[in-house]
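We use all heavy atoms of the structure for the numbers below, so side chains are in, but hydrogens, waters and symmetry mates are not. This chain uses plain numbering: 1 for the first residue, then up along the sequence. As the structure lists them, so they are numbered: ligands from 1, and atoms in each ligand from 1.
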Amino acid sequence: MTLRLYNTLSRSKDELRPLDPTNVRMYVCGPTVYHFAHIGNARPVIVFDVLYRLLRHVYGADHVTYVRNITDVDDKINARAAERYPDMDPLKAIRKLTEETAAQFHKDIAALGVLPPSVEPRATDHIGEMKALCEALVKNGHAYVAEDHVLFDVPSMKDYGRLSGRSLEEMEAGARVEVAPYKKDAMDFVLWKPSKAGEPAWDSPCGIKTKGRPGWHIECSAMAGKHLGQVFDIHGGGIDLVFPHHENEVAQSRCAHGTAAMAQVWMHNGFLQVEGEKMSKSLGNFITIHQLLDGKDFGGSQWHGRVVRLAMMGTHYRQPIDWTVERLVQARSTLFEIADTLAGVEAEGGPNEDVVAALSDDLNTPSALSIVYGLLKSARRNEAARPGLRATLDFLGLYGGETRDELNVGFEAKAVDAAKVEGLVAARLAARKAKDFKESDRIRDELAGMGVSLKDAKDPKTGEIVTTWEVAR
Ligand code: AMP
Ligand code: ZN
C-alpha cells in the first residue's frame, strides 16, 4: 500500500517513505489553551486523527507515534491568567488556567471520535529543552544575545524561507512591523525574551541574568526533538502556521542539529469559515466546539460529536471549508440512516479497501465518504454487508453504535408553524429572484435549524422554481 501525501515543502503529492516503518513519527501543532477551542481548531484535530488512524492501519497500531502539543504559555494565556487569578504566582496561575482549559478541550474533542495522541506534551514542561536549543544555536553562530533576548540570526541560514516559498530579500522588503533596535536583521525572531513584572519567568539561558520566557516557535522544536528525534516523518497544522511558525521551527531545529530537514512531509489543513465569512468575535459568528455540542446557538440545536465529525470530513482537508447549519443537517440525516441500518450490528473484518485506498491518496475523505454512502445503500437491503460497513465506520471514527435518539441530541422536532415556514420559503424565493444569495442561504439555514429541509424543482410548464418542504424526522 503506497500512501501519498501533499507536501507543502516540495509542493507536490509525494509517496510517504517513513524513515523507520516500525516507528512512523508525526507532530501536529496543538491548541493554545486559554479559552474554549473553536470549531476551526477542531479541523486539524479531526484531519490528523484521520491520518493517524490510516497510519496505524497501514504500519500497525504500535508502529506510529503521534505527538500533539499543548501551548500553555503565551501572551494571551499570561494576560488571561493574571486577570483571573491576580493574587497567584504567575507560574501557578498559568498552570491553573491551562489545566482547566485543556480539560475542557479534551472533553470537547473526545466527543468528536478523536483518538488520544501517543504523547501530548506541554510547553512549560520543556523549558530545559528550549534553553538547550538556545545555547546550541548561540554556540554555533545561528543565534545571538541582545538586551536580554536570544534572537535567531535569520541571514545565517542559507535556505531560510524554503517551506513558505519566500526569499529573505522579499521578506525584509515587506517587513512593515517596527523593528526592535536590538535586532541585527528585521527578520530575526525571538527564541527567548525577558519577562515583564507579573509575567511567568524562568532562569534564562546563555548567561542572561534577568529571568525570562520562551518565544513561541522554540517550544515546538523542543517538544518535537524530545519526543520524535531530530528528523521525523510528518509535521502538520493549519495553513496559517506555514509562516512564520513552521518556517521558524525548521530554522531552529535544522540549525541546532545540523540536519538537512526537520520533517520529511509538511501538511497543512485549509481554513474553516462560518456561513461564508471569516470566523471572528466581532462578526458574532465565533463558534466553540462546546457551543455546538452543548449549546443551542448554531441552527437552534445541539449537535452530536459524530455529526460534527462527518460534516468536517465532507470536505478535503486542503480546501477551505464553509461551516453551515445545512452541512450539519445533512450529516445528521446520514447518521440517522446509518443508525437505522446498523442497530445491533457488530463489526467484522477490517475497513473497506476502497475506502483505505481513497484515504491513501492524500487523505481524500470526500471520495472515501462517497464509497461509504454506496456501502450504506447496499447494507440497507443486504444484511450480509452490514458488519463490514460497521468495521469501516469504526475505522473512520464515524459511528460507535449510537441510536437515532442519541444522535438526535438536543433537537426537539417541534411542531412547526406551517404559516411561518411558508412565509420564510416565500421570502427565500424572493431573495433568490433578487439574486441576494446571502439572504436566501440565511433563510434556508434558519429553516434547517427548525428541522425543515427544502427541495427546489423547476416547474416544467412555467420554468419557475417551486420549493417544497418537509420536517426532518
Ligand atoms: P491555535 O489554538 O490558534 O494555536 O490553533 C490550533 C490549531 O488550529 C492550529 O493548527 C491552527 O492552524 C488551527 N486553526 C486555527 N484556526 C483555524 C481555522 N479557522 N480553520 C482551520 N484551522 C484553524
Ligand atoms: Zn508548533
Quick check: do E275 and F298 have side-chain heavy atoms less than 4.5 Å from each other? yes

Between ligand 1 and P44, is the shortest N or O to N or O distance under 3.5 Å? no

Using side-chain heavy atoms (C-beta onward) and a distance below 4.5 Å, is R444 in contact with R428? yes

For L241, counting its heavy atoms only, list the atoms of ligand 1 lying under 4.0 Å from any of them. 9 (C), 10 (O), 12 (O)

Within H217, is some N, O or S atom less than 2.8 Å away from the Zn ion (ligand 2)? no

For E15, is there any backbone N or O sitting under 3.5 Å from a side-chain donor or acceptor partner on T2? no

Any atom of ligand 1 sitting under 4.0 Å from a heavy atom of A37? no

Would you name the heavy atoms of Q264 and R17 that are closest together and state the gap between them? NE2-O, 2.9 Å

Pick one of side chain, backbone, both or neither for how I239 approaches ligand 1, counting any non-hydrogen atom pair under 4.0 Å. neither

If we set the cut-off at 4.0 Å for heavy atoms, which region of D240 has an atom near ligand 1: side chain, backbone, both, or neither? side chain

Taking non-hydrogen atoms only, is Q273 closer than 4.0 angstrom to ligand 1 via side chain, backbone, both or neither? neither

For C29, the ligand 1 atoms whose distance to one of its heavy atoms is below 4.0 Å: 10 (O)

Kindly confirm whether the Zn ion (ligand 2) is within less than 2.8 Å of some N/O/S atom in E219? no

Backbone or side chain, does any N or O of G238 fall under 3.5 Å from an N or O of ligand 1? yes

Does ligand 1 have an atom that lies less than 4.0 angstrom from a heavy atom of G236? no

Quick one: closest heavy-atom pair of I234 and L55, and the distance? CD1-CD1, 4.1 Å

Any N or O of R43 that comes nearer than 3.5 Å to an N or O of ligand 1? no

Can you find a non-hydrogen atom of K278 under 4.0 Å from ligand 1? no

Positive for ring-ring contact (aromatic ring centres under 6.0 Å, His included) with Y27, one of H235, H227, H246: H235

Within 2.8 Å of the Zn ion (ligand 2), is there any N, O or S atom belonging to H245? yes

Determine whether L293 and K107 satisfy the following criterion, side chain to side chain contact (heavy atoms under 4.5 Å, CB included), listing intermediate values before the conclusion. CA-CA 10 Å; L293 301 176; K107 193 165 158 253; over 6 Å; no

Do R122 and T98 meet the criterion of a side-chain donor-acceptor pair at a distance under 3.5 Å? yes

Atom 5 (O) of ligand 1: of I70, T32, N41, the nearest heavy atom sits on N41

Please check this pair: side chain of E247 against backbone of G161, looking for a donor-acceptor N/O pair closer than 3.5 Å. yes

Report yes or no: does K131 contribute a side-chain atom to a donor-acceptor pair with the main-chain N or O of D203 at less than 3.5 Å? yes

Looking only at N, O or S atoms, which one in E249 sits nearest to the Zn ion (ligand 2)? OE2

